[in-house]
**Q** 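Below is the structure I would like to discuss, written out as structure tokens.
What you see is a predicted model; the values in this text were computed from it and never measured. The sequence lines fix the lettering, A, B, ..., with proteins before strands; numbering per chain opens at 1. For the numbers below, each heavy atom of this structure counts, side chains included, while hydrogens, waters and symmetry mates do not.
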Amino acid sequence: MSKDWRSYEPLLIPDIPNLHKIDVYEQNGGYSALRNVLNDQDTWSRENVVNEVKEANIRGRGGAGFNAGLKWSFMPKPDGGPRYLACNGDESEPGTFKDRAIFEYNPHIFIEGAIIAAYAMTVDTIYVYLRGEYIAWVRMLQEAIDAAYEKGYLGKNILGKKGIDIDMHVAYGAGAYICGEETSMLESLEGKRGYPRIKPPFPAQKGLWGRPTTINNIETLSNVPLVINNGAEWYKNIGAETHPGPILYGISGHVNKPGVYELPSGVPVMDLINEVAGGIRGGKKFKALIPGGSSTPVLRADQLEDVTMDADSLRTAGSMMGTAGMVVMDEDTDMVDVLWRISHFYRHESCGQCTPCRDGTGWLEKVLLKIRNGEGEIKDLDLLLDITTMMEGRTICALADAAAWPVRHTINRFRDEFEARCKKSVHAIA
Amino acid sequence: MAEQELVFTESELEEIEKIKAKFPTAKAATLQVLWVAQRKFGHVKPEVQVLVADTLGLPHSHVHGVASFYTQYYKEEMGKYVLDVCTCLTCQICGGYEILDHLEKKLGIERGDTTEDGMFSLKEVECLGACGYAPMLQVSNEMYVNNLTPEKVDDLIDSLRAGNMPEFESMAMPQHKKRNAG
């Protein structure tokens, strides 16, 4: 890391009172990236914007970590028909609560980023999809969008530029984790049950209503104005080399100061827990961390020495960056209980399209409930591991994988705790 | 409660037209119009689903399919206030179940039930995206009430009984000194 995280000043959500108001955002340099792009379309041709964002390597903050600019470049050439940008603010992976901070404190940086993205990909309509539970934040975002329309940043002939017409609409769900899966979100935007689609065709080819569509996370798009204002080189110098930029870390669980913190990528995990979030509460010992939402494999405290919050370091450690929603657990945490509850969640949220997921998530939960209630046997642990291999990679979307990974890794990393909860097997060999 | 006539008013129909204008198809408005209906009628029972379908010119089966897929739509009549208590992951390890148990005792009902006076329905729900402020609950698909303790829950019940919905609680970013001072 080029600079110490301790001297970092927030960029996505700077500490400026009333920044959610468009005038305050403008007074602090807001919408200058969009202005610069549209006022100098020779320098900032659509292609150049895509290339600059690709070069900056903004890795998707929704969990997959894919280079946003590269994703944009998959959009086919315009054919005169509608093209869409669908912004994913569903934010329903347990442990994740960061995008709502953008809607609340700095919605315009997201709106500006989305408009620049729409320009770069020749998109005419932007949809922002929030989870239905976030109705309070839906209203805040709508207010910000209305203000952006009034100022001429959205609508017809944006900033007086002929032919730059971009609309932005908000839609919201009604309680379904699966709608955070990108193709399920498209189905929901089309007014249907949130059943994920088979890929290919990928959304860039056939997305909303069969038209080219790109899907980006809210935090991902909020990074775009930073890249345009300061350049890809500057951006790449923030945080971890292969996963650069600011990150909204959502730290929750057994820490003294939970909350959303904006820091560079690549901050050491133990610094985030002990310094940023004020350490484990009640003077207890740190036991385990789920680093990026419920589907990312849990890590034991002893696996986290020198691990930093970026895709590479976490992969080496045996987990993933996910959404950087960090769930911190102290020594009193019952891992059997935690895993049962995670499995209950995935069973509840499986959409039911694919048998390995519909049945598999049910099996996982039931067997874990049996173990949790002291009725399980050691062989049930192997049964659970077996089920995970029958789910992973065998379904339309990644929900089955997301359900399987925590089971496999929590059992493997806390096997003794699980065995201690099992009855002595009556089939044991003498 | 007197039977409410199942129709949308002129101003609701206007709102629905505005929603439809956001999308290239009427079908796309299904979720949003179900919300309009639920806010008006308090539920989307089959007869309300039919109204939504007919208003949008869609098959009844489509609207029923959507209404039954999403958990926030009430397919039966609920209490005046619905308490959605999160018990998922962070809320679980931070005492979400204790809050749920406390509410069961306090209201004299089990999760999934409604009090006899029709005031409260109690539900256990999955992650609501407020993990930093666990344990928490949501009131009637509207406001989040964060960092719950049994005492805070008691106060909430009292104020709901008096007819006061909780106000929006802004959960500050701990890093922000200037904003938090203001």
**Q** For each of A:M329, A:R341, A:R281, A:E104, tally heavy-atom pairs with chain B at distances under 4.5 Å, and name the one with the top tally.
**A** A:R341
**Q** What part of A:I178 gets closer than 4.5 Å to chain B, counting heavy atoms only: side chain, backbone, both or neither?
**A** side chain
**Q** Is A:R211 in contact with chain B via its backbone, its side chain, both, or neither, using a 4.5 Å heavy-atom distance?
**A** neither
**Q** Ignoring hydrogens and geometry beyond distance, is a side-chain donor-acceptor pair present between A:R100 and B:Y144 at under 3.5 Å?
**A** no
**Q** Is the ring pair A:Y127/A:Y84 parallel, tilted or perpendicular, if the boundaries are 30 and 60 degrees?
**A** tilted
**Q** Determine the interplanar angle of the A:F97 and B:Y133 rings, folded into 0 to 90°, and report it as parallel if under 30°, tilted if 30 to 60°, perpendicular if over 60°.
**A** perpendicular
**Q** Using a strict cut-off of less than 4.0 Å between a Lys/Arg side-chain nitrogen and an Asp/Glu carboxylate oxygen, indicate whether B:K20 and B:E17 qualify as a salt bridge.
**A** yes
**Q** When only pairs under 4.5 Å are counted, which of B:S68, B:C94, B:C86 shares the most heavy-atom pairs with chain A?
**A** B:C94
**Q** What residue in A:C351, A:S92, A:G132 has the most heavy-atom pairs under 4.5 Å with chain B?
**A** A:G132
**Q** State plainly whether the residues B:K177 and A:D15 are in salt-bridge range, i.e. N to O under 4.0 Å.
**A** no
**Q** Looking at B:N141, B:D84, B:L31, which one has more heavy-atom pairs under 4.5 Å with chain A than the rest?
**A** B:L31
**Q** Without hydrogens or angle criteria, can the side chains of A:Y177 and A:E93 be said to hold a donor-acceptor pair below 3.5 Å?
**A** yes
**Q** Using heavy-atom distances under 4.5 Å, tell me whether A:P10 contacts chain B through its side chain, its backbone, both, or neither.
**A** side chain
**Q** Under 4.5 Å heavy-atom distance to chain B, tell me which part of A:M140 shows up: side chain, backbone, both or neither.
**A** side chain
**Q** Is A:E262 in contact with chain B via its backbone, its side chain, both, or neither, using a 4.5 Å heavy-atom distance?
**A** both
**Q** Answer yes when B:K45 and B:E77 have at least one side-chain N-carboxylate O distance shorter than 4.0 Å, and no when they do not.
**A** yes
**Q** Heavy-atom cut-off 4.5 Å, strictly under: side chain, backbone, both or neither for B:A130 against chain A?
**A** both
**Q** For the pair A:K192 and A:E187, find out whether any cationic side-chain nitrogen is under 4.0 Å from an anionic carboxylate oxygen.
**A** yes
**Q** So which of A:I251, A:D337, A:L263 has the biggest tally of heavy-atom pairs under 4.5 Å with chain B?
**A** A:D337
**Q** A:E190 and B:T25: side-chain donor and acceptor closer than 3.5 Å?
**A** no
**Q** Between A:S188 and chain B, with a heavy-atom cut-off of 4.5 Å, which part of the residue counts as in contact: side chain, backbone, both or neither?
**A** both
**Q** Counting only non-hydrogen atoms closer than 4.5 Å, does A:V328 touch chain B with its backbone (N, CA, C, O), its side chain (CB onward), both, or neither?
**A** backbone
**Q** Against chain A, label B:A172 side chain, backbone, both or neither, depending on which of its atoms sit under 4.5 Å from a heavy atom there.
**A** both
**Q** Which region of B:F23, side chain (C-beta onward) or backbone (N, CA, C, O), has a non-hydrogen atom less than 4.5 Å from a non-hydrogen atom of chain A, or is it both or neither?
**A** both
**Q** If you count heavy-atom pairs under 4.5 Å with chain B, which of A:A171, A:S294, A:A136 comes out on top?
**A** A:A171
**Q** Output yes when B:R39 and B:E12 qualify as a salt bridge under the 4.0 Å nitrogen-oxygen rule, no when they do not.
**A** no
**Q** Salt bridge between B:K152 and B:E169, side-chain N to carboxylate O under 4.0 Å?
**A** yes
**Q** Heavy-atom distance under 4.5 Å to chain A: side chain of B:V63, backbone, both or neither?
**A** neither
**Q** Would you say A:R372's side chain and A:L339's backbone share a donor-acceptor pair under 3.5 angstrom?
**A** no
**Q** Please identify, among A:D334, A:I16, A:I342, the residue contributing the most non-hydrogen atom pairs under 4.5 Å to chain B.
**A** A:I16
**Q** Mind ranking B:A134, B:A67, B:S170, B:C91 by heavy-atom pairs under 4.5 Å with chain A and telling me who comes out on top?
**A** B:S170
**Q** I need the residue from B:K27, B:H62, B:K22 with the largest number of non-hydrogen atom pairs under 4.5 Å to chain A.
**A** B:K22
**Q** I'd like to know if the side chain of B:E124 pairs up with that of B:Y97 as donor and acceptor (distance under 3.5 Å, no hydrogens or angles considered).
**A** yes
**Q** I'd like to verify something: which residue of A:N18, A:D99, A:I135 has the highest number of heavy-atom pairs under 4.5 Å with chain B?
**A** A:I135
**Q** Using non-hydrogen atoms only, which part of B:Q138 is less than 4.5 Å away from chain A: side chain, backbone, both, or neither?
**A** side chain
